[in-house]
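Taking it in order: structure first as structure tokens, then the write-up.
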Amino acid sequence: MPLTLPQKLIDSLRHVKGFDEKAFINIHASGDQVTSIRLNPAKALIVNGEYLPGRQAGSTENGLLPTVPWCPYGKYLPERPSFTFDPLFHAGVYYVQEASSMFLWYMLEKTVGKNTKGLRVLDLCAAPGGKTTLLSSYFIDGLIVANETIRSRSNILMENIAKWGNDNVIITNNDPKDFEKFENYFDVIVIDAPCSGSGLFRKDNAAIEEWSEENVMLCNARQERILADVFPVLKKEGILIYSTCSYAEQENEQVCDWIISACQLSTVNCQPENNWNIIETVSNKGAYGYRFYPYNLKGEGFFIAAFKKNDGDEVHHHSPPIDAASKNEIEIVRNWVKKDTELFFFKQNENILAIPEQWKEDAALIQKHLYLRRAGITVGALKHKDFIPHHELALSLHAGNEILRAVVNKEEAVRFLQKKELYFDHLPKGWALLSFENIPLGWIKILQNRVNNYYPAEWRILKD
């Protein structure tokens with residue numbers, strides 16, 4: 001059934017640069033769908049010099065997938081496969097992400113550059129985790145604070161970050177106003193703001209029913225409130241990247257004008273390649289923005305803009321001591337992680353967590369002022385004299401090379417992900433990392449007459 005687009009939306013866009021009413025209506029009526037993924041550079045397989053996410057994620061006859069032009073790890077798939085039954089999807093080898101959203105990578109190249117060592121980044125509206133995983137790969141030597149206001153949405157954020165496997169992410173569950181104690185703290189802030197969602201009409205038909213001019217104005221007010229609450233935490237010379245999946249000027253160019261006037265930030269011109277067919281707009285106050293129309297490129301509706309902060313005094317933030325793991329606990333944990341890692345081990349309830357040594361004071365500061373859901377990776381817990389490894393350690397980049405691997409085929413891997421019984425008669429008793437195509441999926445414990453499956457029950461595949 002053809003999509004019935006809101007006439008008031010179409011009317012409001014007629015004067016917007018790059019808008020073609022006929023093409024806009026036709027692309028939504030076509031039923032075309034674009035499927036794209038972004039590969040995890042720390043986990044993706046390499047075949048003939050080309051990154052591939054595994055057979056189930058789709059491949060062309062020659063084994064190469066077209067690259068999303070503005071993101072080196074973005075790939076277009078010829079069709080949408082069943083990601084549910086691809087073990088590599090669950091292992092964090094790739095993330096299913098809309099191609100237009102991956103333009104964030106290019107914006108970072110243009111605004112921040114390649115030297116990311118020691119930078120602190122705030123992803124303010126982080127769930128479900130697409131941009132957070134991109135940021136953790138881009139700022140491999142930096143720290144990502146991924147915040148989600150809504151508690152239920154922070155759970156899927158935690159799952160996706162755990163699957164990605166990087167140790168440089170701290171997850172918080174706070175209102176933007178709660179960051180007021182972090183004045184001039186972050187080098188980069190990314191705000192993928194809550195919006196009216198018109199850019200995703202092709203992928204989410206329900207968004208059409210929810211769209212209204214009133215909702216657009218409510219979103220505009222919310223976006224400005226979020227920005228007002230958080231821009232003081234941006235450092236002098238810091239970069240703010242603002243984006244929405246809306247076509248509305250009120251949520252895009254008008255918010256950019258507000259950023260320039262109310263926050264006194266300056267616009268950054270990122271100059272995308274002409275053949276990408278991204279439309280550059282300039283707001284009334286001179287802010288550069290970038291519009292993505294699905295009839296011009298392989299992606300959905302999207303808007304993004306970058307700004308630079310020109311003033312601000314240096315603020316020294318004093319962090320309290322953090323509850324470090326004991327010497328005995330660290331000795332035990334060290335047997336489970338790679339030997340050459342500079343990690344700081346600390347306690348959160350009964351669990352032992354690990355974060356890069358350089359970020360331990362930041363973790364302590366954030367734990368003092370915010371509701372910290374997780375920092376770095378959860379390594380495991382000591383129960384009596386036994387160490388119980390955590391699922392996050394299995395999916396991380398830190399699981400020790402000496403740990404026993406149980407190699408499985410795809411059918412066995414899916415059984416594991418369904419949390420069904422498995423059988424191994426050739427492996428010694430004890431803990432083992434279940435591995436598919438050299439990628440760990442999780443823990444099993446081999447006992448005398450059975451194998452215990454430790455895949456998280458809340459993550460299991462429910463389909464057969």
Side-chain angles (χ1 to χ4, degrees), residues 1-37 58 66 68-71 74-80 96-104 106 130 192-220 222-223 242-257 272-284 287-305:
M1 178 181 293
L3 299 181
T4 303
L5 300 173
Q7 186 60 46
K8 289 184 178 180
L9 170 66
I10 294 173
D11 293 343
S12 70
L13 295 176
R14 287 199 175 104
H15 68 285
V16 176
K17 184 177 179 181
F19 181 71
D20 182 326
E21 181 176 343
K22 183 177 179 181
F24 187 80
I25 293 172
N26 288 342
I27 196 69
H28 285 84
S30 69
D32 291 346
Q33 292 286 329
V34 177
T35 301
S36 52
I37 57 173
V68 176
W70 41 83
C71 179
K75 298 290 179 181
Y76 289 110
L77 304 187
E79 58 186 16
R80 189 176 183 87
V96 183
Q97 186 176 30
E98 205 285 300
S100 298
S101 295
M102 299 182 204
F103 191 70
L104 174 61
Y106 177 81
D192 187 32
C195 69
S196 60
S198 51
L200 298 179
F201 281 174
R202 290 203 301 170
K203 300 178 78 72
D204 182 9
N205 294 354
I208 299 176
E209 302 299 322
E210 297 171 3
W211 188 91
S212 69
E213 291 178 300
E214 292 76 15
N215 191 33
V216 167
M217 296 313 299
L218 284 172
C219 289
N220 168 277
R222 183 190 305 161
Q223 290 149 2
Y242 172 81
S243 65
T244 76
C245 53
S246 169
Y247 294 112
E249 273 192 310
Q250 296 93 326
E251 300 178 75
N252 297 324
E253 285 86 358
Q254 288 184 22
V255 172
C256 290
D257 281 342
E273 300 290 333
N274 289 334
N275 60 359
W276 293 350
N277 296 323
I278 298 166
I279 303 299
E280 179 182 275
T281 66
V282 181
S283 71
N284 291 334
Y288 288 95
Y290 304 95
R291 284 182 167 267
F292 292 66
Y293 293 105
Y295 48 79
N296 280 343
L297 45 77
K298 290 182 67 175
E300 302 306 316
F302 187 61
F303 176 88
I304 192 166

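Scope of the values below: all heavy atoms of this structure, side chains included, with no hydrogens, waters or symmetry mates. Since this is a predicted model, take the numbers as computed values, not measurements.
- Distance check, rounded to the nearest 0.5 Å: CD of Glu214 to SG of Cys219 gives 11.5 Å.
- More than 12 heavy atoms of other shown residues, nucleotides or ligands fall within 6.0 angstrom of atom CG in Asn275.
- A 4.5 Å side-chain heavy-atom check between Leu297 and Trp276 finds every atom pair outside the cut-off.
- Ser243 approaches Phe302 most closely through the heavy-atom pair CB-CZ, 3.6 Å.
- When only modelled atom types and interatomic distance are considered, Thr35 and Glu79 share no side-chain donor-acceptor pair under 3.5 Å.
- A donor-acceptor pair under 3.5 Å is formed between the side chain of Ser198 and the backbone N or O of Tyr247.
- Between the side chain of Tyr290 and the backbone N or O of Phe303 there is no donor-acceptor pair closer than 3.5 Å.
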Audit row: Ile208, Thr4, side chain to side chain contact (heavy atoms under 4.5 Å, CB included) steps and yes/no | CA-CA 8 Å; Ile208 299 176; Thr4 303; 5.9 Å; no

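- The line from CD of Glu300 to CD of Glu98 is 5.0 Å long, rounded to the nearest 0.5 Å.
- Judged by distance alone, with hydrogens and angles left aside, the side-chain atoms of Asn220 form no donor-acceptor pair with the main-chain N or O of Glu251 at under 3.5 Å.
- No side-chain heavy atom of Tyr295 sits under 4.5 Å from any side-chain heavy atom of Ser30.
- Residues Val255 and Gln223 approach most closely at CG2-OE1, 3.6 Å, considering heavy atoms.
- The ring of Phe24 has its center closer than 6.0 angstrom to the ring center of Phe19.
- Residues Arg202 and Gln33 come closest through the heavy atom pair O-NE2, 2.8 Å.
- Between Tyr293 and Ile279, the closest side-chain pair of non-hydrogen atoms falls below 4.5 Å.
- Tyr288 is listed as a side-chain neighbour of Val282, based on a closest heavy-atom distance under 4.5 Å.
- The environment of Glu209 atom CD is sparse: at most 12 non-hydrogen atoms of other residues, nucleotides or ligands sit within 6.0 angstrom.
- Between Pro194 and Arg222, some side-chain heavy-atom pair lies under the 4.5 Å cut-off.
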Stepwise, does the side chain to side chain contact (heavy atoms under 4.5 Å, CB included) test hold for Leu5 with Leu9?
-> CA-CA 8 Å; Leu5 300 173; Leu9 170 66; 5.7 Å; no

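- Nearest heavy-atom pair across Ser246 and Ser196 is OG-OG, 3.4 Å.
- Under a 4.0 Å N-O distance rule, the pair Glu253/Arg291 qualifies as a salt bridge.
- For the residue pair Asp192 / Thr244, no side-chain donor-acceptor distance below 3.5 Å is found, with atom types taken as modelled.
- More than 12 heavy atoms of other shown residues, nucleotides or ligands fall within 6.0 angstrom of atom CG in Asn26.
- For Trp70 and Phe292, the ring centers are positioned less than 6.0 Å apart.
- The CG atom of Asn252 lies 11.5 Å from the CG atom of Asp257; values are rounded to the nearest 0.5 Å.
- Rounded to the nearest 0.5 Å, atoms CD1 (Ile27) and CG (Asp32) are 5.0 Å apart.
- Residues Gln97 and Ser36 come closest through the heavy atom pair O-OG, 2.6 Å.
- Proximity of Pro66 to Lys75: side-chain heavy atoms (C-beta onward) are nowhere separated by under 4.5 Å.
- Without hydrogens or angle criteria, Lys298 side chain to Tyr76 main chain gives no donor-acceptor distance under 3.5 Å.
- Side chains of Arg80 and Val96 form a contact here, defined as non-hydrogen atoms less than 4.5 Å apart.
- Ion pairing between Arg14 and Glu21 holds under the 4.0 Å rule for side-chain N and carboxylate O.
- Considering all non-hydrogen atoms of both residues, Glu210 and Asn215 come closest at O-ND2, 3.9 Å.
- A donor atom on one side chain and an acceptor atom on the other are not found under 3.5 Å apart for Glu273 and Tyr106.
- Rounded to the nearest 0.5 Å, atoms OG (Ser212) and CG (Leu218) are 7.5 Å apart.
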